[in-house]
Protein chains: 2
Amino acid sequence: MANIKEIARMAGVSVTTVSRVLNNHPYVSEVKRTAVLNTIEKLNYTRNMNAVHLITGRTQAIAVIIPYTNLFYFSVIIAGLAQEALLAQYRLVLCQTDYRTEEEIKVLEMLRNKEIDGVVMVSSTMSSEAIEEYTAYGPIVVCQDRGERQFSSVYIEHYSAFRSGLQYLNDKGYRHIGYCEGRPHGSSSSIRQIAFRDFLEATDQPYNDEWMIYNCLTEEDGARVLHQLLQMKNRPDALIISAGDHIAAGLIIEAWKKGIRIPEDLAVIGFDDQPIGRTLGLTTVDNQLTEMGISAFRIIYDQIQRNDGQPVHRKLEYRIIERNTV
Amino acid sequence: MANIKEIARMAGVSVTTVSRVLNNHPYVSEVKRTAVLNTIEKLNYTRNMNAVHLITGRTQAIAVIIPYTNLFYFSVIIAGLAQEALLAQYRLVLCQTDYRTEEEIKVLEMLRNKEIDGVVMVSSTMSSEAIEEYTAYGPIVVCQDRGERQFSSVYIEHYSAFRSGLQYLNDKGYRHIGYCEGRPHGSSSSIRQIAFRDFLEATDQPYNDEWMIYNCLTEEDGARVLHQLLQMKNRPDALIISAGDHIAAGLIIEAWKKGIRIPEDLAVIGFDDQPIGRTLGLTTVDNQLTEMGISAFRIIYDQIQRNDGQPVHRKLEYRIIERNTV
DNA sequence: TTGTAGGCGTTATCAA
DNA sequence: TTGATAACGCCTACAA
């Protein structure tokens, strides 16, 4: 493959001039510019970007750490990131880590290696301290609320979003609220549990361990939960489902099969505003996933461009979408 | 940042020896190896991978051309690709092209640029001839059936899969079959239309233009289709929905709301075996999406390793999953 | 088993 | 406006 030297020789100019043409630098006469462009055309030349990356110290690429790509929640964030990356002519290196810490570390090592210019950690198992050790090598954005750390963050306040959902149920008159949580040790599950307890306390309701259901992650789990409820002597009159509308969908479909009326027999509020929820008329808390991806990219892009290490912390707004399952 | 030269000087060895240690080459005495490893540790050294990429001409990365990342169909293929890439220690550069040809070309140019070692085109708007021009620069795998081309492919036979679905409905006694297609000009939509016509002809059924419905892409489209059916004087007794179970889900949910019984009043068969379909008991054609991602990666990986330009064409099997909407 | 030296293909520096 | 030359950081003949 032809290289810049060959182009220079054939066009009768120096390599510097070729480089200037390649990078649209000023101070190149039209004559030489066209001469260079012609030989580039003739030799079917393209730059070897690895050489460019080596000398500039930049790769125009960022990595995304994400546990799964085929879950709605994550896939929407990726879509937002990818959309902005396309606009900015940046590459997105997708690292599906399955929540494995050693894989997350490998990605951060890519930052040290100079393979990428920054890292977006959509969901991470690493401690904030461990992440901070890598901020020396380039900008890092985490899509979780971890407080005022040395790395940037984009997040929604899970405490507040969850309490809003609970308050909404309360305002509609429900006084026996059950709660379906996703991963029991997920990063925001403990904060939601605190929110739940606080809410019960504030509204003078007793805590009922039976109404606290863990490991609700799939449509099938949603259906399972409905059966669990049917077994109970003392049933909740409303359910808040934190890990996504698809779980609520599974539950609602099963409820229809069993003749349980929604919301008369059981009110349901979900999270994420998924398409299937729209179809079902599911009331939900929209937590702006596309916006999260977009913001994460913009923040990291800004920091790369300005070479600015100052961490940014952006809080996103959630909103309740009222439909007819509450 | 420290470089290999500095490590060599501090460890009292040559850069070659350091390089050998770095790459686990033989012929390094234990004494020198530990000396090198110690100074690497001491100086907190890592390789600059861009220099490695430059000199080796490889980047351990492949690009994925995909129109959207947050559609079930695509997200599952990505997950399969990502899973295998992780195992092989390869990077996945995700290029969400929104079906824009100029963006697809930019990705193929990355192959010329040596930024990546190969390209997986999950769905492309480019002509096979245009793609073939890039096979000179590295392996390309297309997840579409384009015949025996110069690039590799992984595919399911849409003609045959679709006819199987139709035949299944026919075998179950349905004689008035309607058809919901996705993008009217999608790569496989014309082949399915041929399959549809062939099927009607083979079973001596007339073609009814009213039962051919285009642009069914979302859950809402599915619901819309149900309303369309309700308007018809002459309704089909079965429906085949090619662009995914989520559309069938939208239709089924709307049918429940309207009191239309499935399958008594209307049988439905979908595609993709999505979780929401499992929940609804939807009969579907599983077209092995995860397997498609896995295969695509393995093929391209093999070709990169063996530096072998011989295109491979792998046909995947589909299978009908019988549940209770037919 | 070890080291020297050349090369990968670009951009940056500085002088002209 | 142009060009010679020095980086960038690594791998790899080839020689010892």
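Each chain gets a letter, A, B and so on, in the order its sequence line appears, and its residues count up from 1.
Residue B/Asn113 contributes atom CG, which lies 13 Å from atom C1' of C/dT10 at whole-angstrom precision. Computed from coordinates, the A/Ile55 CD1 to C/dT10 C1' distance equals 6 Å when rounded to whole Å. Rounding to whole angstrom units, CZ of residue A/Arg58 and P of D/dC8 are separated by 17 Å. Taking atom NZ of residue A/Lys5 and atom C1' of nucleotide C/dG6, one finds them 11 Å apart after rounding to whole Å. In this entry the distance linking NE2 of A/His53 with P of C/dT11 reads 11 Å, nearest Å. Between the P atom of C/dT10 and the CZ atom of B/Arg112 lies a distance of 12 Å, rounded to the nearest Å. The CZ-P distance, from B/Arg33 to C/dG3, rounds to 14 Å in whole Å. We find that CG of A/Asn23 is positioned 14 Å from P of C/dT13, with the value rounded to whole Å.
Distances shown here put a side-chain N or O of A/Asn3 below 4.0 Å from the OP1 or OP2 atom of C/dG9. Within the 4.0 Å cut-off from OP1 or OP2 of D/dG3, at least one side-chain nitrogen or oxygen of A/Lys32 is found. Phosphate proximity of C/dG9 to A/Asn50: absent, as no side-chain N or O sits under 4.0 Å from OP1 or OP2. Between B/Ser14 and C/dT2, a side-chain N or O to OP1/OP2 separation shorter than 4.0 Å is absent. Between B/Thr17 and the phosphate of C/dG3, there is a side-chain N or O to OP1/OP2 separation shorter than 4.0 Å. Between B/Tyr45 and D/dC10 there is a side-chain N or O to OP1 or OP2 distance below 4.0 Å. Note on B/Arg47: a side-chain N or O is less than 4.0 Å away from OP1 or OP2 of D/dC11.
Of the residues near DNA chain C, B/Ala51 and A/Val18, the one whose nearest nucleotide (by heavy atom distance) lies more toward the 5' end is B/Ala51. Each of B/Arg20 and A/Arg20 lies near DNA chain C, and the nucleotide nearest B/Arg20 is the one positioned closer to the 5' end.
Judged by distance alone, the side chains of A/Gln150 and A/Thr135 never bring a donor and an acceptor atom under 3.5 Å apart.
Looking only at distances, no side-chain donor or acceptor of B/Glu103 sits under 3.5 Å from a matching main-chain atom of B/Asp98. Looking at B/Thr39, its side chain never comes within 3.5 Å of a backbone N or O of B/Lys42 through a donor-acceptor pair.
Comparing C/dT10, D/dT1, D/dG9 by their closest approach to the side chain of A/Tyr27 singles out D/dT1.
Side-chain N/O atoms of B/Thr16 and base N/O atoms of C/dT4 include a donor-acceptor pair closer than 3.5 Å.
By the 30° and 60° cut-offs, the orientation of the rings of A/Phe74 relative to A/Tyr68 is tilted.
Residue-level contact check: B/Ser19 touches the bases, meaning some heavy atom is under 4.0 Å from a base atom.
A salt bridge links B/Glu109 with B/Arg112; the closest basic N to acidic carboxylate O contact falls under 4.0 Å.
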